[in-house]
4 protein chains.
Amino acid sequence: MIISIDTASDTPIYQQVRDEIIKLIGTKELKSGDELPTVRGLAEDLGINPMTIQKTYNILKNEGFVEIDRRIGVKVAGLKNLKDDNFEENLKKILLEGKARGYSQEELISEVKNLDI
Amino acid sequence: MIISIDTASDTPIYQQVRDEIIKLIGTKELKSGDELPTVRGLAEDLGINPMTIQKTYNILKNEGFVEIDRRIGVKVAGLKNLKDDNFEENLKKILLEGKARGYSQEELISEVKNLDI
Amino acid sequence: MIISIDTASDTPIYQQVRDEIIKLIGTKELKSGDELPTVRGLAEDLGINPMTIQKTYNILKNEGFVEIDRRIGVKVAGLKNLKDDNFEENLKKILLEGKARGYSQEELISEVKNLDI
Amino acid sequence: MIISIDTASDTPIYQQVRDEIIKLIGTKELKSGDELPTVRGLAEDLGINPMTIQKTYNILKNEGFVEIDRRIGVKVAGLKNLKDDNFEENLKKILLEGKARGYSQEELISEVKNLDI
DNA sequence: GTGGTCTAGACCACG
DNA sequence: GTGGTCTAGACCACC
């Protein structure tokens, strides 16, 4: 599982790791039922504090993306619709920023279509 | 100009104000050349410190969304293409989060189309 | 005389006008004895307050670049060496910034040579 | 790290500190990876408010000269070419001012060469 | 009038 | 420990 973080970024590391894992789910590189690395293992790989990964996994659980089983570990949750007002708000916000930056409707749509290539 | 902020949120106020203003530019409620409220005026309206707005305006200037004219105040910059790698990265990230949440390509595209209504 | 200013810039207008005039002297587009526009005329051309140009001319006089004769107006001063510690300090500062930005000695020297083309 | 500021100057303190740090990078007294003093530490040393240094570091980050790692603090960024139109503009402006002041091409070139001594 | 800078001191998030 | 945010109130430069 390829996750890259940037310790010099101003987004918190736990957040970056969350985003990266969600991206992997979005691209289907991680599918329902797939197991995620252990907290300790991933922390070592990334050279960061295990507590940071712990926090990431808790967030992902609360958001419904993963399930945590003390015996098995962490695995990607079954597909349900995780539609969320807050998410739609954020999506709209960034799409409007795109408009403000001068992107046309067509350009934004092609960004969406490019995801499935 | 209607801007709403949430002082209890964990996203910084200056950031929220930035996002709100960019949304207004995105929806064309603010057009090139329109004047923004004065630093002090907006700060008073929102019940926050002028320096916070000062920071917001400075960021918007650096991002190219507004121009600051000592004589007049702050106004929305002329339309140029403010395409930015970082922005595209963020857009892609949130679109993939949409996929991970179970949104279909069509649903995401209709979000884009809804912007122009 | 072609002078362009940017009212949205954060360098004061009087400063911009000063810099532009000095650039014209540096490129020999303005030579010793040449007359500068009147305060009022230049202010009108640029669409700014005459006091601003007045300030510019005073600065240029104090720096030794121009002479002001109440009867004739403002003209470029005779060539003398206006070497100045402060200037050398500034030059060194910006050259070092060039090094910090990764410019090589050769690149900086070619910038100097390009002035005479 | 020796940084001197002049609180009576009309160039902002945060700007002076920025310039001083860039000079240190330019002279290689600060190299890639070197850690800068903490915000509070440097502020105390200089007898100024921490927010002023905060602003300096933020500017340096945006300009690409430093990286801010939450875990460590602020360090000099890896060498990349930070070439910038605005910088070249400024360089040209001051070089032309040199010509206007009567410096010959050779004198200006020797200023560049002196940097490497 | 406008934006820009600075202070002193507080509180928070991150790791 | 680090940097980041915010306040309340002051003073300054520019036009």
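The sequence lines fix the lettering, A, B, ..., with proteins before strands; numbering per chain opens at 1.
Each of D:T7 and B:D69 lies near DNA chain E, and the nucleotide nearest B:D69 is the one positioned closer to the 5' end. Take the nearest nucleotide of DNA chain F for C:N49 and for B:Y14: the residue whose nucleotide is more 5' is B:Y14. In terms of position along DNA chain E, the nucleotide closest to B:Q54 lies nearer the 5' end than the nucleotide closest to the other residue of the pair B:Q54 and A:P12.
With salt bridges taken as basic N to acidic carboxylate O contacts below 4.0 Å, none links A:K92 and A:E89. A salt bridge does not link C:E88 with D:R101: none of the charged nitrogens is closer than 4.0 Å to a carboxylate oxygen.
Under 3.5 Å, the side chain of D:R40 and the base of F:dG3 form at least one donor-acceptor pair of N or O atoms.
Interatomic distance, B:Q54 CD to B:I59 CD1, rounded to the nearest 0.5 Å: 10.0 Å.
Residue contacts for A:I48: at a heavy-atom cut-off of 4.0 Å it reaches no nucleic acid atom on any strand shown.
Pair assignment for F:dC14 gives E:dG1, based on Watson-Crick or G-U wobble hydrogen-bonding distances that are each under 3.5 Å. F:dC6 and E:dG9 make up a base pair, with Watson-Crick or G-U wobble contacts both under 3.5 Å.
For the pair A:Q15 CD and F:dG4 P, the computed distance is 17 Å after rounding to whole Å. Distance B:L36 CG to E:dT2 P: 14 Å, rounded to the nearest Å. The distance from atom CZ of B:R70 to atom P of F:dC14 is 7 Å, rounded to the nearest whole Å. If you take CD1 of C:I13 and P of F:dC15, they are 5 Å apart, rounded to a whole angstrom. E:dG15 atom P lies 12 Å from atom CG of A:L46, rounded to whole Å. For the pair D:M51 CE and E:dA10 C1', the interatomic distance rounds to 12 Å; values are reported in whole Å. A straight line from CD1 of B:I53 to C1' of F:dT7 spans 13 Å, rounded to a whole angstrom. As rounded to whole Å, 13 Å separates atom C1' of E:dT7 from atom CD1 of D:I5.
Taking all atoms of both residues into account, the shortest heavy-atom contact from D:Y57 to D:L42 is OH-CD2, 3.5 Å.
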For this session: Before giving the answer on side-chain contact (heavy atoms from CB on, under 4.5 Å), spell out for C:V66 and C:L36 the whole-Å C-alpha distance, their side-chain angles and the decisive distance to 0.1 Å.
Result: CA-CA 9 Å; C:V66 305; C:L36 295 181; 3.8 Å; yes
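Close to E:dG15, at under 4.0 Å from its OP1 or OP2, lies no side-chain N or O of A:K55. A sub-4.0 Å separation between OP1 or OP2 of E:dT7 and a side-chain N or O of D:T52 is present.
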